[in-house]
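To start, the structure under review is shown below, and the notes come after it.
Naming: A, B, ... by sequence-line order, numbering from 1 per chain.
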There are 2 protein chains.
Amino acid sequence: MQIDAVDQRIIASLAADARATYADIGAQVSLSAPAVKRRVDRLRAGGVIKGFTAVIDPAAVGWTTEAFVELFCTGRTTPAQIGAAARRHPEVVGAYTISGEADALVHLRAADMAHLEQALERLRAERFVTSTRSMIVLSRLVDGVPSAAGPAGTPAKPAATRSR
Amino acid sequence: MQIDAVDQRIIASLAADARATYADIGAQVSLSAPAVKRRVDRLRAGGVIKGFTAVIDPAAVGWTTEAFVELFCTGRTTPAQIGAAARRHPEVVGAYTISGEADALVHLRAADMAHLEQALERLRAERFVTSTRSMIVLSRLVDGVPSAAGPAGTPAKPAATRSR
DNA sequence: AGTGAAAAGGATTTAGC
DNA sequence: GCTAAATCCTTTTCACT
């Protein structure tokens, strides 16, 4: 899908405040409200904008314990299998296949240590998991609060990627 | 701050669709639109809802390369120092102090490998960083798309946390 | 193809209760 | 927290470039 500079700015604006009115966004990008809506509709239909969500303080809703878990899997385990398994556990907020020692990295969020341990047990019970290595989150320093200057807000290829 | 069961459901609804109208949310939780707005205003003021954002497909905006980097720091490095440093780099979308071998885990998102390498170099140049270990993301299996059944959508302490 | 203007239908928000 | 009313936004249609 094709997205131009104006689309980029609309995306940045929505990332910073998903409840902004089309008129407000239009003022930022010098477009009328209907024009903005048409572009947003197009971006949504094209899968560029996957949805709109509220940024919640996890602690405030009682999810105070977080961990990243490296998964070591049996030889013939597909990413799809890992993904399907990860989605079965509500505590999983992120899952990635990775290069390096481990096969996958799973981001867990739980109510407390006991809950986290329980989720971890469930995860380890998956047939393809041979072992795990956990990193408990002690403090969240930065966490996906798009501050208009984040990835979505900057040009697609910032600065340039020349090698040195 | 105090949040009741109705607040929880409103949060879940907004996490699933931040652009839902107050009337729609009200229909889900059996409240009138103004009542929902008052609660949302209160939740925002109390910091429970930190904002509203669009969920963007990183690939669509040209950020195709992602990595998790374990940071090993010098003895007397504070979380605040690491957090401040992390926020200086726009490629950082998450940063956490963790238990285990490393001191911190940083989630990076970049346009391509060259850009990622450049960001990593900048990060390694921070005075308190002694060494790093990178895990390149090969595929994103799950990534914070609150499907109404995620953390924010479930009761604060799901199931119970009894030990076995 | 894409934009702006206008009108009809809703949503938000401020009241009063 | 609800209802009601005024204001503002959204969304469609249509004409223009």
(message) Reading DNA chain D from 5' onward, which residue's closest nucleotide shows up sooner: A:Ala23 or B:Ala33?
(response) B:Ala33
(message) According to ring pair (Phe, Tyr, Trp, His ring centres under 6.0 Å), does anything in residues 80-101 of chain A pair up with another residue at least two apart or in another chain? List the pairs.
(response) A:Tyr96-B:Phe68, A:Tyr96-B:His107
(request) Applying side chain to side chain donor-acceptor pair (under 3.5 Å), name anything that partners B:Arg87, two or more places apart in sequence or on another chain. (result) none
(request) Can you sort out the partners of B:Thr77 under side chain to side chain donor-acceptor pair (under 3.5 Å), two or more places apart, ordered by chain and number? (result) B:Thr74
(message) Test of understanding: with salt bridge (charged side-chain N to carboxylate O under 4.0 Å, His left out), list the residues that count as partners of A:Arg42, not counting sequence neighbours.
(response) A:Asp7
(message) Using the side chain to side chain contact (heavy atoms under 4.5 Å, CB included) criterion, which residues pair with A:Ala85? Sequence neighbours excluded.
(response) A:Arg88, A:Glu126, A:Phe128
(message) Checking B:Arg38 now: which residues fulfil side chain to side chain donor-acceptor pair (under 3.5 Å) with it, not counting sequence neighbours?
(response) none
(message) Considering every strand and a 4.0 Å limit on heavy-atom distances, what is the contact class for B:Ser32: base, sugar-phosphate, or nothing?
(response) base
(message) Reading DNA chain D in the 5' to 3' direction, which nucleotide is the first one with an atom under 4.0 Å from a heavy atom of chain A, and which is the last?
(response) D:dC9 to D:dT12
(message) On a heavy-atom basis, which atom in A:Met1 and which in A:Gly46 lie closest, and how many Å separate them?
(response) SD-CA, 3.5 Å
(request) Using the test side chain to side chain donor-acceptor pair (under 3.5 Å), find all partners of B:Thr97 that sit at least two apart in sequence or belong to another chain. (result) A:Ser139
(request) Quick one: list whatever passes salt bridge (charged side-chain N to carboxylate O under 4.0 Å, His left out) with B:Asp24, sequence neighbours left out. (result) none
(message) Output the rounded distance in Å from CZ (A:Arg19) to C1' (C:dT13).
(response) 13 Å
(message) Just to be sure I understand the geometry, which residues of residues 34-44 of chain B put a non-hydrogen atom under 4.0 Å away from DNA chain C?
(response) B:Pro34, B:Lys37
(request) Return each pair, listed once, that meets salt bridge (charged side-chain N to carboxylate O under 4.0 Å, His left out) where at least one residue sits in residues 68-84 of chain A; pairs must be two or more places apart or across chains. (result) A:Glu70-A:Arg133
(message) Angle between the end axes of the helix from C:dA1-D:dT17 to C:dC17-D:dG1, five pairs per end, to the nearest 10 degrees?
(response) 30°
